[in-house]
Structures are given as C-alpha cells and as structure tokens.
Number of protein chains: 2
Amino acid sequence: MSNQFGDRIKLLREESQLLQRQVASQLDMDTSMLSKIESGDRKAKKNQITQFAKVLKVNADELLTLWLADQLIEVVEGEYLALKAILVAEEEVKYNAKKKK
Amino acid sequence: MSNQFGDRIKLLREESQLLQRQVASQLDMDTSMLSKIESGDRKAKKNQITQFAKVLKVNADELLTLWLADQLIEVVEGEYLALKAILVAEEEVKYNAKKKK
DNA sequence: TATTGACTTGACAGTTATTGTCAAATGTAT
DNA sequence: ATACATTTGACAATAACTGTCAAGTCAATA
C-alpha cells in the first residue's frame, strides 16, 4: 500500500535526528501511534499535519498534499480503472475551480 | 457535493422509462435507498454496480469509473491542494502500473 | 380538492470500521 | 546481558455507516 506521507515524515525525522519518542511527545501521541503512522498502518489526523510540519521544519502544504494523495490512492488501489477515474475526478475539480471564480 | 454516479444512473433510468420501484426491486433494495443513491445521499455498494449496469443496459466500466471518481472527489473536496494531490496520486498510479509489468 | 402513485426525507437500531492505548515482541547498539 | 528505540497485536471505546420504516412532499388525474 502507498504511504507517501509516512515515508516522508519518517525520513524527515531521521534527517533531523529525532527519536519517535521526541516527535510523538510534541504531538501528544503514543510512540506506537507514530510508528504506525510512519509505516502507513494508521493515518494521521488532518489537524496533526500542521504540527508535524512545525516539528519537522517543513512546509505544511507538502505534507498535506502527500496525506491527501495517500487517501486518493487508497480509493483506487487495485482498480484497473484507477487512472481513468483519476482523470474524471481531475476534470471535475478543475471545473469546480473555474466555476467558483 | 459531487454525484456523478447518482446523476448518471438517474438519467439512464429516466431514459429507460423505468420507475425507481422497478429498478430497486431488481437490485433487491428499498426505493428509499435507490432514491438516496441517485441523489448522492448514500453510495451504492461496489457489487451493485454490475447490477445497475445490467438493468440500465450500460457498460459497467463506465459506472465504476464514475463511482470511483465520486469517492476521489470526496477526499479532496474543498482542499486548495486538491489538484496537486490528484497529480501526485496520478503519478503514483502510473508508476505502479509500470512496475507491475 | 380528494386520491393515487412516485419519490424524498428523517430517524432509528444494528452493524461495521476506526480510534487510542497497553503490553509484549523485536530490533539495535554498547 | 542491558538499555533504549521501534514495532506489533489485541482490546475496549468510540465513531461512521447500513438498511429499513414511517411519514413527508410532489404531480397528475378524477
């Protein structure tokens, strides 16, 4: 399963030489929870993304994008129509963006 | 909210001059359920898509694509990073498709 | 304007999925 | 072996979803 968010925060944490314990405590979570988030077993709550960004000193948009992408992939994973569905969704999003203006 | 699947099956049903009651009975569901599916209030189960296709005499792939697209849109709805996330997911899907070969 | 039939809606209990937490297991370096 | 970091499995608590029922609206017709 795809886990771009988890992979990214794990890499960032390691680059910052932080222990799970240190990151977890700042986000007020158990290390076991952080471990699961890093491995993709559980997903972070949306409101934790900002905190991750702060602790790991990275742009929150980058993390949010990966977090959303993981969920998109989860929806279409294993579907042979995955790409087609994504293109349909993309059109819809573009259309809505235009309409909003 | 986006409801491409529901809109489509409703249109197909009307074009076929079928009543909700008639379609619903063939799929072994309550008309209230069908009404909600058509309006996007509830979503069809995946295994019902084939049945819809059969009753409405349309390609199942088309319906499955819309059904998946609805769920994709649900994930990114209201997110200003929606498009970016979709592009990231798209790349991932393409990459996985290539890897599989 | 009463009746009929098609469709919609709201509320509910039953079921399923997700959540955080704990304890135990595993890994890793000293 | 010890100490510390990380992972894993299981569990109860909670949240989300499901189908169904009854009551509701709506449109056409007698």
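Reckoned from all heavy atoms, side chains included, excluding hydrogens, waters and symmetry mates. These figures come from a predicted structure and were not determined experimentally. Proteins get letters first, then strands, A, B, ... in listed order; numbering begins at 1 in each.
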Between [atom1] on residue [X] and [atom2] on residue [Y], distance to nearest 0.5 Å:
{"X": "B:Q48", "Y": "B:F52", "atom1": "CD", "atom2": "CZ", "result": "6.0 Å"}
{"X": "B:D61", "Y": "B:L68", "atom1": "CG", "atom2": "CG", "result": "10.0 Å"}
{"X": "A:Q22", "Y": "A:L27", "atom1": "CD", "atom2": "CG", "result": "12.0 Å"}
{"X": "A:T65", "Y": "A:D70", "atom1": "OG1", "atom2": "CG", "result": "11.0 Å"}
{"X": "B:S25", "Y": "B:D30", "atom1": "OG", "atom2": "CG", "result": "11.5 Å"}
{"X": "B:L87", "Y": "A:I86", "atom1": "CG", "atom2": "CD1", "result": "9.5 Å"}

Counting the atoms with a prime plus P, OP1 and OP2 as sugar-phosphate, which does A:R21 contact under 4.0 Å by heavy atoms, base, sugar-phosphate, or nothing?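 Counting heavy atoms under 4.0 Å across all strands, the contact made by A:R21 is with sugar-phosphate only.
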For a quick check of understanding: with a heavy-atom distance under 4.0 Å over all strands, which category does A:K43 fall into, base, sugar-phosphate or nothing?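 Answer is nothing: A:K43 stays at 4.0 Å or more from every strand.
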Would you find a donor on one side and an acceptor on the other, under 3.5 Å apart, between the side chain of B:S35 and the backbone of B:T31?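 No; judged by distance alone, with no hydrogens or angles, the pair does not exist.
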Does any N or O in the side chain of B:W67 come within less than 3.5 Å of the main-chain N or O of B:A44, such that one atom is a donor and the other an acceptor?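 Checked: pair present.
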Salt bridge (Lys or Arg N to Asp or Glu O under 4.0 Å) against B:K46, all qualifying residues, sequence neighbours excluded: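 Residues passing salt bridge (Lys or Arg N to Asp or Glu O under 4.0 Å) with B:K46: A:E79.
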Segment of DNA chain D, first to last nucleotide, that comes within the 4.0 Å heavy-atom reach of chain B: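 Range of nucleotides within reach of chain B: D:dT18 to D:dC21.
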For residues A:A69 and B:V88, report the shortest heavy-atom separation together with the two atoms involved.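 It is CB-CG1, 3.7 Å.
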Linking I/L/V/M/F/W/Y whenever any side-chain heavy atoms sit under 4.5 Å apart, do B:V93 and B:L64 land together?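 Linked, B:V93 and B:L64 end up in one cluster.
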ILVMFWY cluster, A:Y95 and B:Y80 together (side-chain gap under 4.5 Å):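 A:Y95 and B:Y80: separate clusters.
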Result block: side-chain N/O donor-acceptor pairs under 3.5 angstrom for residues 9-19 of chain A, not counting sequence neighbours:
from, atom 1, to, atom 2, distance (Å)
A:R13, NE, A:E38, OE2, 2.6
A:R13, NH1, A:L18, O, 3.0
A:R13, NH2, A:E38, OE1, 3.1
A:R13, NH2, A:E38, OE2, 3.4
A:S16, OG, A:L12, O, 2.9

Does anyone know the first and last nucleotide of DNA chain C in reach of chain A, 5' to 3', at under 4.0 angstrom to a heavy atom?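 Nucleotide range in contact with chain A: C:dT19 to C:dC22.
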With axes from five pairs an end, tell me the bend angle of the helix from C:dT1-D:dA30 to C:dT30-D:dA1, nearest 10°.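 Answer rounded to 10°: the end axes differ by 20°.
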Interface residues of residues 25-40 of chain B with DNA chain D (non-hydrogen, below 4.0 angstrom):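 Per residue number, the list reads B:D30, B:S32, B:M33, B:K36.
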